[in-house]
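Following: one structure in C-alpha cells, then a few remarks.
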Amino acid sequence: MQDKKALQEEKLKQEEKYMWAIVDGVKEKVGNFRVEPPGLFRGRGEHPKLGKLKRRIRPSDVTINIGKDAPIPECPIPGESWKEVRHDNMVTWLAFWNDPINQKLFKYVFLSPSSSLKGQSDKEKYEKARMLKDYIGNIRAAYTKDFTSKDGAKRQIAVATYLIDKLALRAGNEKEDDEADTVGCCTLKVENVQAIAPNSLEFNFLGKDSIRYENTVEVEVPVYKAIIQFQAGKRGNDDLFDKLDTSKLNAHLKELMPGLTAKVFRTYNASITLDNILNKETREGDVSEKLVVYQHANKEVAIICNHQRTVSKSHDAQMSKLMEKIGGLQGTLKELKTDLDRVRKGKPPLEDANGKRKRNLTPEALEKKIANTTEKIEKMEADMRTKEDLKTVALGTSKTNYLDPRITVAWCKRHEVPLEKIFNKFLLEKFAWAMDVDFDFRF
DNA sequence: GCCAAGACTTGGAATAATATTG
DNA sequence: CAATATTATTCCAAGTCTTGGC
C-alpha cells in the first residue's frame, strides 16, 4: 500500500516535466504524452491485423515540434535521441511517431482537451453547429426537392444528406482492405438497407468501432422510392451510393453553408435535441427529479448517435441483488403495517422473525417508518428501471463530444442544479470555456 | 478529379481509484 | 473492515476532413 503510493509519486515526479507546455506564454496541460508499450494489436471487430506484434517505440521514432528558441525536451532514455526536432507553428501537435501497426498512420501528442487551444476549437465546432440552425430549413427544402431530381448523382446526394440529417449517420469514408469492414452513409452497401413497404427502411450495418447500427424508420415516400431505385440491378455487396463519396458530399454541403460538413449534422442534432428535451420536460421540483430529466435527454441523444456499450458482465447479478433487497424491504413494510394495525387496537407488535419481542412504538413512529420504507422502495425501483434502461446505452461520448456544454451550464443555472452533478472533473476542465455562459443561453 | 499524406475529433473497454454497504 | 458497486482514468483505436501533388 505504502509502496504503491510511493511508486505513484515517483512516476508522477518522473513525468512532471513532460506534462506541461508553454504556448504563447501560457502554461498548458499536455494530453497523452506516453507511447504505448509493445504488445499484440487487438483492434476492434473483425480486424485483418488482429494479433500483429506492436513493436516498442523508441526516441529515435519520435519527432518533436517546439518553438525555435524553446529548450528541447529531455530524452527519457539515456544515450538515445529524438528522430527530429521541428519548429512548425501551423500545426498543434507537440510530437508524433508512426503507428507501428500501420506505418502510414501517425500517433500524435496534442495539448489536453482542457487547454485553451482545444477549448477554442471546441467552441468553434459548436458555433458552426449553431450556424446550421439558420440554414437547416433551406437545406432540408433543397434536398427534399432533389429526391426526385433527374440527375442521378444529385438524387444520391439528396438522399445521403437526408439520412445524415435524419439518422445522424457518419459520413462514411472509404476504407482499405487491411482495416475492419465497417461503413458509414456514403459507403453503405445495398445489403445494409431493406425497403419495407409502404415507406420504411430497415438499416443494419457495422459502423465505427464495428458497433452495429440497427434501426427501422419510416421515411418520405420519394426517399423510399429512390433507395429502391439505387438498389435496382445491384448485388448485396455493391455500393448503395455508387455516384457518391464523402468528398463530393462535403463539397456539396459547403455550397449550402460555409464550413458545413457531414459531421456537423451529428453535433447539431445532438445538441438541439438536448436543448429541446431539457426545455420541454424540466419541471419545478428537487434536484434529483431534474437530473432524471437530464439523463433522459442524454439517453435520447445517445440513441440518436447510436452510442452503445456492451452489457456489463455483472449486470444480471446486480439486478437480482437489487430485486432481493426490494423484496426484503417489502417484507418489513408489510410487518410494519401489521404492527400499526395491532398497535391501534391496543395489541403489542408481533414477534420478529427470530421470535424476539419488538419495541413498542407509537402509531406515529410506525407511520413514519412506513413512509420511509415506502420511499426507499420507490427509489430503489426507480434506480433499477434506470439501470436496466441504460444497460446498453453509453452516455459519455455525447457529453464529451456532441453536446454543447453551454446548454448544460445554462440549464443548471436556470434550475439551480449543481453542475458537478452532471460534469465530472474532466468535463468541468474541458468545458472551462463554457462556464460563464448566460443563464438564458439556448442552443 | 483523384489519391495519398497529414492532422485532428470521436469512440468503447479495461483498469484503477473511490464510495458504499452489510 | 471487507466485499461490492460506482466512477474516474487510462488505453488504444477508428473515424472525419483538409491539403497538396499530379
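Residue A:Ser121 places at least one side-chain N or O under 4.0 Å from the OP1 or OP2 atom of B:dT9. Under 4.0 angstrom from either OP1 or OP2 of B:dG12 there lies no side-chain N or O belonging to A:Arg212. Put simply, A:Thr397 has a side-chain N or O that comes within less than 4.0 Å of OP1 or OP2 on B:dG12. Considering only side-chain N and O atoms, A:Lys175 lies nowhere under 4.0 angstrom from the phosphate OP1 or OP2 of C:dA14.
No cation-pi contact links A:Lys123 to A:Trp433, judged by a cut-off of 6.0 Å to the six-membered ring centre and 45° from its axis.
Judged by distance alone, with hydrogens and angles left aside, the side-chain atoms of A:Arg44 form no donor-acceptor pair with the main-chain N or O of A:Ser210 at under 3.5 Å. Using a distance-only test at 3.5 Å, with no hydrogens or angles considered, a donor-acceptor pair links the side chain of A:Lys413 to the main chain of A:Val437. Counting only distance, with no hydrogens or angles, the side chain of A:Lys299 and the backbone of A:Leu390 share no donor-acceptor pair below 3.5 Å.
Rounded to a whole Å, the CZ atom of A:Phe96 is 12 Å from the P atom of B:dC8. Distance, A:Phe106 CZ to B:dT9 C1': 17 Å, rounded to whole Å. In this structure, A:Asn102 atom CG and B:dA4 atom C1' are separated by 12 Å, rounded to whole Å. One can place CE of A:Met19 at 12 Å from P of C:dT9, the figure rounded to the nearest angstrom. Going from atom NZ of A:Lys107 over to atom P of C:dG15 covers 13 Å, rounded to whole Å. Rounded to an integer number of Å, the gap from A:Ile211 CD1 to C:dA14 C1' is 11 Å. A straight line from CG of A:Asp209 to P of C:dC11 spans 18 Å, rounded to a whole angstrom. Here the C1' atom of nucleotide B:dT18 and the CD atom of A:Glu420 are 18 Å apart, to the nearest Å.
The environment of CE in A:Met323 is sparse: at most 12 heavy-atom neighbours from other residues, nucleotides or ligands sit within 6.0 Å.
If you check the side chains of A:Glu300 and A:Asn298, you find no donor sitting under 3.5 Å from an acceptor. Under the 3.5 Å distance criterion, with hydrogens and angles disregarded, no donor-acceptor pair is assigned to the side chains of A:Thr187 and A:Asp239.
Here A:Thr310 lies in heavy-atom contact (under 4.0 Å) with sugar-phosphate atoms only. Residue contacts shown for A:Pro113 are absent, as no nucleic acid heavy atom lies under 4.0 Å away. Within 4.0 Å of A:Lys54, counting heavy atoms only, lie sugar-phosphate atoms of the nucleic acid but no base atom.
In the set B:dA5, B:dG12, C:dC12, the nucleotide with an atom closest to the side chain of A:Lys104 is B:dA5. Nearest nucleotide to the A:Ala394 side chain, out of B:dG11, C:dA13, B:dG12: B:dG12. In this structure, of B:dA13, C:dG15, B:dG6, it is C:dG15 that holds the atom nearest to the side chain of A:Thr182. In this structure, the nucleotide among B:dC8, B:dG11, B:dC2 sitting nearest to the side chain of A:Lys248 is B:dC2. Comparing B:dT10, C:dC12, B:dA13 by their nearest atom to the side chain of A:Tyr402 picks out B:dT10.
Here the side chains of A:Val219 and A:Tyr162 are in contact, with some heavy-atom distance below 4.5 Å. Counting heavy atoms from C-beta on, the side chains of A:Leu240 and A:Val193 come closer than 4.5 Å.
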Anything under 3.5 Å between a donor and an acceptor, one on a side chain of residues 67-74 of chain A, the other on a protein residue two or more places apart or in another chain? List them.
none

Pairs under 3.5 angstrom only: tabulate donor-acceptor contacts from the side chains of residues 163-172 of chain A to other protein residues two or more places apart or in another chain.
{"unit_1": "A:Asp165", "atom_1": "OD1", "unit_2": "A:Arg140", "atom_2": "NH2", "d": "3.0"}
{"unit_1": "A:Asp165", "atom_1": "OD2", "unit_2": "A:Arg140", "atom_2": "NE", "d": "2.7"}
{"unit_1": "A:Asp165", "atom_1": "OD2", "unit_2": "A:Arg140", "atom_2": "NH2", "d": "3.4"}
{"unit_1": "A:Asp165", "atom_1": "OD2", "unit_2": "A:Tyr143", "atom_2": "OH", "d": "2.6"}

Restricting to nitrogen or oxygen on both sides, can you table the protein-nucleotides 20-22 of chain C pairs closer than 3.5 Å?
none

Nucleotide N/O of nucleotides 16-18 of chain C paired with protein N/O under 3.5 Å:
{"unit_1": "C:dT16", "atom_1": "OP1", "unit_2": "A:Ala171", "atom_2": "N", "d": "3.2"}
{"unit_1": "C:dT16", "atom_1": "OP1", "unit_2": "A:Gly172", "atom_2": "N", "d": "2.8"}
{"unit_1": "C:dT16", "atom_1": "OP2", "unit_2": "A:Asn173", "atom_2": "N", "d": "3.0"}
{"unit_1": "C:dT16", "atom_1": "OP2", "unit_2": "A:Asn173", "atom_2": "ND2", "d": "3.0"}
{"unit_1": "C:dC17", "atom_1": "OP1", "unit_2": "A:Thr261", "atom_2": "OG1", "d": "2.8"}
{"unit_1": "C:dC17", "atom_1": "OP1", "unit_2": "A:Ala262", "atom_2": "N", "d": "3.3"}
{"unit_1": "C:dC17", "atom_1": "OP1", "unit_2": "A:Lys263", "atom_2": "N", "d": "2.7"}
{"unit_1": "C:dC17", "atom_1": "OP2", "unit_2": "A:Asn250", "atom_2": "ND2", "d": "3.1"}
{"unit_1": "C:dT18", "atom_1": "OP1", "unit_2": "A:Lys254", "atom_2": "NZ", "d": "2.7"}

Please list, pair by pair, any protein nitrogen or oxygen found under 3.5 Å from a nitrogen or oxygen in nucleotides 6-8 of chain C.
{"unit_1": "C:dT6", "atom_1": "OP2", "unit_2": "A:Gln318", "atom_2": "OE1", "d": "3.3"}
{"unit_1": "C:dT6", "atom_1": "OP2", "unit_2": "A:Lys387", "atom_2": "NZ", "d": "2.8"}

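Taking OH from A:Tyr135 and CG from A:Leu256, the interatomic distance works out to 10.0 Å, rounded to the nearest 0.5 Å. Atom CG of residue A:Leu291 and atom NZ of residue A:Lys421 lie 7.0 Å apart, to the nearest 0.5 angstrom. Residue A:Leu419 holds its CG atom at 5.0 Å from CE of A:Met435, rounded to the nearest 0.5 Å.
Contact check of residues 38-51 of chain A against DNA chain C (heavy atom, cut-off under 4.0 Å) returns A:Phe41, A:Arg42, A:Gly43, A:Arg44, A:His47.
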- Any chance you could lay out the salt bridge (charged side-chain N to carboxylate O under 4.0 Å, His left out) test for A:Glu179 and A:Lys49, step after step, and finish with the verdict? CA-CA 7 Å; A:Glu179 298 178 286; A:Lys49 297 199 173 185; over 6 Å; no
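Mapped onto DNA chain C by nearest heavy atom, A:Asn32 and A:Gly207 fall at different nucleotides, with A:Asn32 at the one closer to the 5' end.
The six-membered or imidazole ring of A:Tyr294 lies near that of A:Trp411, with a centre-to-centre distance under 6.0 Å.
At a cut-off of 3.5 angstrom, the base of B:dT9 holds no donor-acceptor pair with the side chain of A:Lys125.
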